[in-house]
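The block underneath contains the structure these notes are about, expressed in structure tokens.
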Amino acid sequence: MSIVVVGNGMAGSRLVTELRARDRKVPITVFGAEPQRPYNRILLSNVLAGSARPDHIGLVDPAWYERQEVDVRAGVPVVSIDRRARLVSAADGSVTPYETLVLATGSTAFIPPIPVRHPDGGEASAVDGLPAGALAFRTLEDCQEIIEMARTVRRAVVVGGGLLGIEAARGLVGRGLEVTVLHLAGHLMERQLDPEGGRVLARTLARLGIGSRLNAAVCALGTVPGADGAPVVCGVELALPDGGREFVEADLVVLSCGVRPEVSLAREAGLAVGRGILVDDELRSVTDPDVRAIGECCEHRDEVYGLVAPAWQQAEVLADLLAGTEPAARFTGARQITRLKAASIELASMGETHHDDEAEGVEVLQFADSSRGTYKKVVIRDGRLVGAILLGDTSTAGTLTQLYDRAAALPSERLSLLFGGIGGAEPAGTPLRMPDAATVCHCNNVTKGRIRACWQEGARTAADVAERTRAGTGCGSCRSALEGIVSWLGEQESVDA
Ligand SMILES: Cc1cc2nc3c(=O)[nH]c(=O)nc-3n(C[C@H](O)[C@H](O)[C@H](O)COP(=O)(O)OP(=O)(O)OC[C@H]3O[C@@H](n4cnc5c(N)ncnc54)[C@H](O)[C@@H]3O)c2cc1C
């Protein structure tokens, strides 16, 4: 069997390494449109914030491909698929046969179809190309361009107050820019937060020097002539609710307006596509059994995921299926837990967060102290946690995540869900009280039990455990929990001795 993977991002690269770990021989060719080796896209926010370096976020060492006899074509996009002949054609003119084709083409940043007003009075659509100074935030190249611009400009606007927009804004204000987030919805991060949570977040941003404007409909990009005469962005035009217009000046415009699954190849090849490429529990295209799809480009049971944990779970399931190591492996869906990666803003959100305390059939606990930037909310249905927001203080995030993940029965004493530790000798999140089944690293689906097993196999540091399990190598938010567990296991060992 020969396998061709299209897309060498977070899902594609994980599939290739997992596949090789299970099958040393199967011929694998992987095409990646981006020129560099695969990298941890999640950490671009940290690169923008200056807390990670671009050369430290690589996922697979280029030499690994050679050692493992994987044919990697970096910087070579696939341009078409001939399903009947089972061939893929790439931009370098090559034609490669496959027996199994895996599409892992991810998403592209959504650019709203707004006009770009040129200084000479002409107009073009943003979809056909952004003027200098206006950028999306999806790739390492975008990130490096934003950092380069941030060295010389003073005012930035970020269009879009979702997770990535907030992370971008935090990174830019940390680089000394005046930053305003323009958000179309009535509150920030409306997919993860309820209106109260959004209000508290806006106050937290304001304290950090980040302005935010809500119900802000950007309707055009303004430009001035640059040094070479080509248009350079000078701000954005807002359509006001009263029908008026307002111009917000900016030297840098970061567009963070969401993503769209990259399905053009699949669609042109006649595969069934909804929002993403439609796949079953074996990640198989519903149209063609020889084609699989994983990551952000696929749609599984009506869900298109925008987080890495499901993409990596799909990669593992598919590696098991293609290598034949686990023929019964299936992807049946994943829970989504979001954590913001922005200095001085602690935020975790999961599940159904929008219910208020009048909603039928749910119990809602809430605590707000907006002057200190704290907001906590827990939503319970049938005695189980179905949603939570923790803003400003995420000390109970570990416990809530476990309860949410496992749909475990909740203690009748509810306050500890918000504040932890109450009524118990141990704080709720300590390793001692964590069951072995509790997931510690969500990106890589690593449980406390697996970490304990690593310890028993001889791992003695968090880095040893990370090497064996990959725990802590996704978004990195579990690293302190991982270190806590490893040091607790060490203490246990010395007590037992
Ligand atoms: C700044 C930022 C921060 C994020 N933070 C988080 C976070 O905290 N937590 C989280 O879970 N997720 C986060 N995400 C989302 C996460 O990065 C994605 O869920 C993940 O990258 C999805 O992996 P993927 O392989 O499906 O797509 P991608 O990583 O986008 O990879 C797809 C690859 O396919 C390539 N490709 C596309 N078409 C072709 C073609 N025709 N031929 C060859 N190659 C092609 C693309 O160039 C790309 O390299 C973040 C994303 C960004 C941009």
Side-chain angles (χ1 to χ4, degrees), residues 4-16 29-49 52 57 59 72-81 88-92 94 96 101-110 136-143 146 158 160 162-168 170-171 192 254 256 258-269 276-277 293-298 304-315 334-342 347-349 441-444 474-478:
V4 170
V5 182
V6 183
N8 202 11
M10 296 194 78
S13 64
R14 176 59 64 92
L15 171 72
V16 171
T29 305
V30 53
F31 289 89
E34 292 182 82
Q36 59 288 97
R37 64 167 158 154
Y39 57 88
N40 186 336
R41 194 174 304 284
I42 296 179
L43 297 184
L44 291 182
S45 299
N46 302 35
V47 172
L48 182 54
I57 64 168
L59 287 173
V72 62
R73 315 270 183 93
V76 182
V78 165
V79 292
S80 68
I81 302 165
V88 296
S89 301
D92 61 357
S94 64
T96 310
L101 176 66
V102 182
L103 298 175
T105 47
S107 302
T108 44
F110 173 67
F137 182 33
R138 175 76 192 175
T139 64
L140 181 56
E141 206 180 324
D142 295 334
C143 184
I146 295 171
V158 176
L163 179 97
L164 293 192
I166 305 286
E167 290 185 355
R170 181 67 188 98
Q192 290 88 9
V254 176
S256 185
V259 294
R260 294 291 178 269
E262 179 47 66
V263 294
S264 49
L265 271 182
R267 191 171 275 134
E268 279 157 29
I277 304 161
I294 56 172
E296 285 190 357
C297 69
C298 79
V304 176
Y305 294 100
L307 296 173
V308 82
W312 280 351
Q313 279 174 36
Q314 291 170 345
R335 294 214 171 218
Q336 305 205 57
I337 296 160
T338 307
R339 286 193 83 135
L340 192 73
K341 309 177 302 299
L347 172 57
S349 158
C441 172
H442 274 271
C443 296
N444 287 288
C475 73
S477 64
C478 67

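The first residue of the sequence shown is numbered 1, and numbering continues consecutively from there. Quick caveat: nothing in here was measured; it's all calculated off a predicted structure. Just so you know, ligand 1 is whichever comes first in the structure, and atom 1 is the first atom listed for that ligand.
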Would you indicate whether the side-chain heavy atoms of [Y] and [X] approach each other to under 4.5 Å?
X    : Y    : result
Q36  : T139 : no
L48  : E167 : no
F31  : T96  : yes
I57  : I42  : no
V263 : T105 : no
C475 : K341 : yes
Q192 : L347 : no
I81  : L103 : yes

Using a strict 4.0 Å threshold on nitrogen-to-oxygen distance, state whether R138 and E296 make a salt bridge.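 A salt bridge links R138 with E296.
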
Please check if any side-chain donor atom of S264 sits under 3.5 Å from a side-chain acceptor atom of E262, or the reverse.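 Yes, side-chain donor-acceptor contact under 3.5 Å.
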
Between V79 and ligand 1, which residue portion shows a heavy-atom distance shorter than 4.0 Å: side chain, backbone, both, or neither?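 The answer is neither.
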
Side chain, backbone, both or neither: which part of A168 comes within less than 4.0 Å of ligand 1 when only heavy atoms are counted?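 Contact part for A168 vs ligand 1: neither.
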
Please report which non-hydrogen protein atom sits nearest to [atom], along with the residue it belongs to and the distance in Å to one decimal place.
atom                    : value
atom 30 (O) of ligand 1 : R138 NH2, 2.7 Å
atom 41 (N) of ligand 1 : V78 O, 3.0 Å
atom 27 (O) of ligand 1 : G106 CA, 3.2 Å
atom 44 (N) of ligand 1 : A33 N, 3.0 Å
atom 35 (C) of ligand 1 : G7 CA, 3.8 Å
atom 3 (C) of ligand 1  : L164 CD2, 3.1 Å
atom 39 (C) of ligand 1 : T105 CG2, 3.7 Å
atom 15 (C) of ligand 1 : G306 O, 3.6 Å

Flag [X] as yes when one of its N or O atoms lies below 3.5 Å from any N or O atom of ligand 1, and as no otherwise.
X    : result
I294 : no
A11  : yes
V308 : yes
P77  : no
K341 : yes

List ligand 1 atoms under 4.0 Å from [X], heavy atoms only on the residue side.
X    : answer
G32  : 43 (C), 44 (N)
S45  : 1 (C), 3 (C)
G295 : 26 (O)
A104 : 32 (C), 33 (C), 34 (O)
E34  : 47 (O), 48 (C), 49 (O)
F137 : 1 (C), 53 (C)
L265 : 41 (N)

From L140 atom CG to L43 atom CG, the distance as rounded to the nearest 0.5 Å: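 It comes to 11.0 Å.
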
Between CZ of R14 and SG of C443, what distance do you get to the nearest 0.5 Å?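 Rounded to the nearest 0.5 Å, the CZ-SG separation comes to 9.5 Å.
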
Are the side chain of N8 and the backbone N or O of R37 linked by a donor-acceptor pair below 3.5 Å?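 Between the backbone of R37 and the side chain of N8 there is no qualifying donor-acceptor contact (under 3.5 Å).
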
If you take the nearest heavy atom of each of E296, R14, R41, which one is closest to atom 18 (C) of ligand 1?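 Selected option, by shortest heavy-atom distance: E296.
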
Best match, I42, V5, V6: closest heavy atom to atom 14 (N) of ligand 1: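 Among I42, V5, V6, the closest heavy atom to atom 14 (N) of ligand 1 comes from I42.
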
Run E34 and Y39 through side chain to side chain donor-acceptor pair (under 3.5 Å) and show every step you take. CA-CA 10 Å; E34 292 182 82; Y39 57 88; 2.5 Å; yes

